[in-house]
Amino acid sequence: MTYHPKSDFMRVMMERGFLADCTDYQGLDEALAKGVVPAYIGFDATAKSLHVGSLIQIMMLRWLQKTGHKPLVLMGGGTTKVGDPSFRAEERPLLTPAQIDDNIAGIKRVFAAYVTFGDGPADALMLNNAEWLDTLNYLDFLRDIGRHFSVNRMLSFESVKSRLDREQSLSFLEFNYMILQAYDFLELNRRYGCLLQMGGSDQWGNIVNGIDLTRRVLDREIYGLTSPLLTTSDGKKMGKSASGAIWLNADMLSPYEFWQFWRNTTDADVGRFLKLYTELPIEECDRLGALEGAEINQAKVVLANEVTTLAHGSEAAQAAEATAREVFEKGGVGEDLPTLQLNPSELGEGISLAQLIVRSGLAKSGKDAKRLIAEGGARVNDELATDAGQMFGASHFAAPLKLTAGKKRHALVVLS
């Protein structure tokens, strides 16, 4: 694509690899060049934190604000009650209103690190679509909004089509989701002058629906922009690791483990991730991404430090790097490692090595722990461990016990 943007925001999106598609490049770019554009991304409140899979969208909102525009963070307090069927094989579990409110409170803490909230022209707002969805009258909604939707067209969207092609059930509840998301865009335009919806490329159909609905009901021109659905170079979905989701809240994943996730980035992904997840200049991202051999490891440390600083602050990033250096370079214990605290009363006649590995989060199950040990991937205080049934009693915890899985994952076990 040879389009040369006038606005800083579109330039950043294109240069740094955020842009998958846009409904009208030129129209959106001209609106952005003219003045402050309010733009939104929706986040459903299905957990108490967002994970790294949402970070590309969070960074888009951050760049939006940095280039002078207004981020609208829309929490799906209403739509979470329905569940987004996009590219899912089965229906999401339904949450209670209390669980949804609890999740929104946790997610708010994530955003405070990335955007500035307030009442100024370019200050971010956190909104909740329950505000307008909870009070909808069903018959009025069908008559005023439902009539603008073609079921034939909705069935043609990839997110729905892929589910039907596999002959998997799609409930009427979920089918309504795309109508509700389209209505969100209409309401945000009506209430806040929102001109742009952004999201992952799996949201393209939902975004286009909102644009069409707003054009039909309010006769206003609005825009959509999507980011690529990110996978790592080895084909894995971004945001997941062998030990589970990489959460953005420190109380769900320690800053050290978060830092370690980025430090373990595959060589081929370093340059791309620096552009997407840090604010380093493009030239520096390219230079670091092109390093080879042992030097690329230093680029990974830069990546881990920059991303952790944005999420958890510079002190947490520095502490994580210091701990990593102590653990890897000096074979030390490091104060910042994930720590399992055992109560002496839990020990009884002792606790097995396999149980310790599972409890400390280094394996998902006893079966995984035994396999790790059998394959020579487990160490206790840097010594190779070979017996999954080895028992540990109180005397073994006079000093913190260091467990290692593979080369890069460590945990401490202490008596509380």
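For reference, positions follow the sequence shown, starting with 1. Keep in mind it's a predicted model, so treat the numbers as computed, not measured.
A salt bridge (charged side-chain N to carboxylate O under 4.0 Å, His left out) with D368 holds for exactly one of K370, K364, R371; it is R371.
In this structure, the ring-ring contact (aromatic ring centres under 6.0 Å, His included) partners of F392, at least two apart in sequence or on a different chain, are H396. Annotation: ring-ring contact (aromatic ring centres under 6.0 Å, His included) contacts of Y114 (sequence neighbours excluded): none. Take N297 and apply the side-chain contact (heavy atoms from CB on, under 4.5 Å) test, not counting sequence neighbours, and it matches R263, K300. T309 meets the side-chain contact (heavy atoms from CB on, under 4.5 Å) test with S314, A317; sequence neighbours excluded. Partners of F117 by ring-ring contact (aromatic ring centres under 6.0 Å, His included), not counting sequence neighbours: none found.
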When the side chains of residues 5-15 are checked against the rest of the protein, which donor-acceptor pairs come out under 3.5 Å, sequence neighbours left out?
residue : atom : partner : partner atom : Å
S7      : OG   : M10     : N            : 3.3
S7      : OG   : D29     : OD1          : 2.6
R11     : NH1  : E15     : OE1          : 3.4

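The aromatic rings of W262 and F258 lie perpendicular to each other, with more than 60° between the two planes, well past the 30° mark.
D286 has its side chain out of reach of E283: every pair of non-hydrogen atoms, C-beta onward, lies at least 4.5 Å apart. At least one side-chain heavy atom of R359 sits less than 4.5 Å from a side-chain heavy atom of L342. Side-chain contact between V413 and I351 is absent, with no heavy atoms from C-beta onward closer than 4.5 Å.
No hydrogens or angles considered: a donor-acceptor pair under 3.5 Å links the side chains of S352 and Q355.
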